[in-house]
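Order of the sequence lines sets the chain letters (A, B, ...), proteins ahead of strands, with each chain counted from 1.
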Number of protein chains: 2
Amino acid sequence: MKRTAKEFDYSKDTEELAALAKALSHPARIIILKHLSQLDSCYTGDLVDVLPLAQATVSQHIKELKNIGLIDGEVNPPKVKYCINQKKWNKAQKLFDTIFEQDFKKFKCC
Amino acid sequence: MKRTAKEFDYSKDTEELAALAKALSHPARIIILKHLSQLDSCYTGDLVDVLPLAQATVSQHIKELKNIGLIDGEVNPPKVKYCINQKKWNKAQKLFDTIFEQDFKKFKCC
DNA sequence: ATTGTATATCGCAAATATACGATAGTTATT
DNA sequence: AATAACTATCGTATATTTGCGATATACAAT
């Protein structure tokens, strides 16, 4: 984490894409996102049953997804409804596209 | 990492997507991939100049990308040519698509 | 043979991430 | 008021990631 004399900043988009990728970098969070993106809403309670993890751990993963903005939570105890944040979701889609849309017309090597 | 009594396996695709996302979860690795995907080949030497990191650290990031299979290295000391592995790249593109292709026709909440 | 150029690996330190049990909080139901 | 159902947070242990300097290695050019 230490910065050397070599001063440098990554671009905003690069930072955001890296952060989004980190959010997707755990199987549990992928499952959570898949569930939420396939329904119109979802309860965390269900998710604990679907995942091989303790409730506290699932809650933590949900918190990370909330922090990055990929999901919103509507608190209504004893239940909390979570949904995909469509705006952030679309932004994520766009950012991943900018990386993967290369079609390698030019590639000759390897 | 400990597994409780709650036995469970994530699907192959979920595991692979998570692993690919982890590979993209650092700005330096995104920059490396962007460089490689925009050229037909690239030398690590260039990359060290472009990144705010020591040579050892860049080499480590490259190793991670190699391990996951996103890039190939053609060893030819004192230079090593790296390229995108197109097969894995296309697989990655497909896997990310399966997550993000949702268009939220059904969404009403949030 | 020595120097220059470029990369890989080792060993270590510091920071993050992952997971869980225990506990607290909130509302609905009895 | 007590219980049930469900989630969040705290504290803690362990594992992984990140970063760097030092060193080893390989070839090209002098």
Side-chain angles (χ1 to χ4, degrees), chain A residues 1-10 14-15 18-32 35-36 41-68 71-83, chain B residues 1-10 14-15 18-32 35-36 41-68 71-83:
Chain A
M1 302 318 167
K2 194 192 348 172
R3 278 292 149 86
T4 57
K6 222 171 163 186
E7 269 310 322
F8 192 95
D9 274 322
Y10 298 111
T14 298
E15 296 273 17
L20 284 164
K22 181 173 287 181
L24 294 177
S25 74
H26 193 290
R29 293 196 289 272
I30 289 183
I31 296 209
I32 291 170
H35 270 259
L36 292 181
S41 64
C42 197
Y43 291 102
T44 308
D46 300 332
L47 296 172
V48 175
D49 296 336
V50 170
L51 294 167
L53 299 169
Q55 181 268 324
T57 310
V58 173
S59 186
Q60 213 169 266
H61 282 304
I62 288 171
K63 192 181 175 187
E64 281 179 66
L65 292 174
K66 262 178 85 172
N67 283 344
I68 192 110
I71 68 179
D72 292 318
E74 185 183 307
V75 181
N76 191 17
K79 314 208 172 192
V80 177
K81 187 163 68 172
Y82 285 111
C83 328
Chain B
M1 300 319 168
K2 197 195 341 176
R3 278 291 148 86
T4 58
K6 222 172 164 186
E7 269 311 320
F8 192 96
D9 275 322
Y10 298 112
T14 298
E15 297 271 17
L20 283 165
K22 181 174 287 183
L24 295 178
S25 74
H26 193 289
R29 293 196 288 272
I30 289 183
I31 295 207
I32 292 170
H35 270 260
L36 291 180
S41 64
C42 197
Y43 291 101
T44 308
D46 300 332
L47 296 171
V48 175
D49 296 336
V50 170
L51 294 167
L53 299 168
Q55 180 267 325
T57 310
V58 173
S59 186
Q60 213 169 267
H61 283 303
I62 288 171
K63 192 182 177 187
E64 281 179 66
L65 293 174
K66 262 178 85 172
N67 283 345
I68 191 108
I71 68 180
D72 292 319
E74 184 183 310
V75 181
N76 191 18
K79 314 207 175 194
V80 177
K81 187 163 69 171
Y82 286 112
C83 330

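Applying the side-chain hydrogen bond (donor to acceptor under 3.5 Å, both in side chains) rule to Thr14(A) yields the partners Ser11(A); only residues at least two apart in sequence or on another chain are considered. In this structure Lys66(B) satisfies the side chain to side chain contact (heavy atoms under 4.5 Å, CB included) test together with Ile71(B), Tyr82(B), sequence neighbours excluded. Under the rule for a side chain to side chain contact (heavy atoms under 4.5 Å, CB included), the partners of Asp46(B) that lie at least two apart in sequence or sit in another chain are Cys42(B), Tyr43(B). The side chain to side chain contact (heavy atoms under 4.5 Å, CB included) search around Ala23(A) returns Leu65(A), Ile68(A), Leu70(A), not counting sequence neighbours. Residues satisfying the side-chain hydrogen bond (donor to acceptor under 3.5 Å, both in side chains) criterion with Glu64(B), sequence neighbours excluded, are Arg29(B).
For the pair Lys81(A) NZ and dA8(D) C1', the interatomic distance rounds to 19 Å; values are reported in whole Å. Computed from coordinates, the Leu51(B) CG to dC20(D) C1' distance equals 15 Å when rounded to whole Å. Residue Lys66(B) contributes atom NZ, which lies 6 Å from atom P of dA8(C) at whole-angstrom precision.
Side-chain nitrogen and oxygen atoms of Ser59(A) include at least one within less than 4.0 Å of the OP1 or OP2 phosphate oxygen of dA8(D). The shortest distance between the side-chain N/O atoms of His26(B) and the OP1/OP2 oxygens of dG19(D) is below 4.0 Å. For Tyr82(B) and dA6(C), the shortest distance from a side-chain N or O to OP1 or OP2 is not below 4.0 Å. Applying the 4.0 Å criterion to OP1 and OP2 of dT17(D), one finds that Lys22(B) has a side-chain N or O inside that range.
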| message | Using a 4.0 Å heavy-atom cut-off to protein, can you give one letter per nucleotide of nucleotides 25-30 of chain C, 5' to 3': B if the base is in contact, S if only the sugar-phosphate is, - if neither? | response | -BB---
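Using a 30° and 60° split on the angle between ring planes, His26(B) and Tyr10(A) fall in the perpendicular class, above 60°.
Mapped onto DNA chain D by nearest heavy atom, Ser25(B) and Lys79(A) fall at different nucleotides, with Lys79(A) at the one closer to the 5' end.
In the interface, the side chain of Gln60(B) is not paired with the base of dA8(C) through any donor and acceptor atom under 3.5 Å apart.
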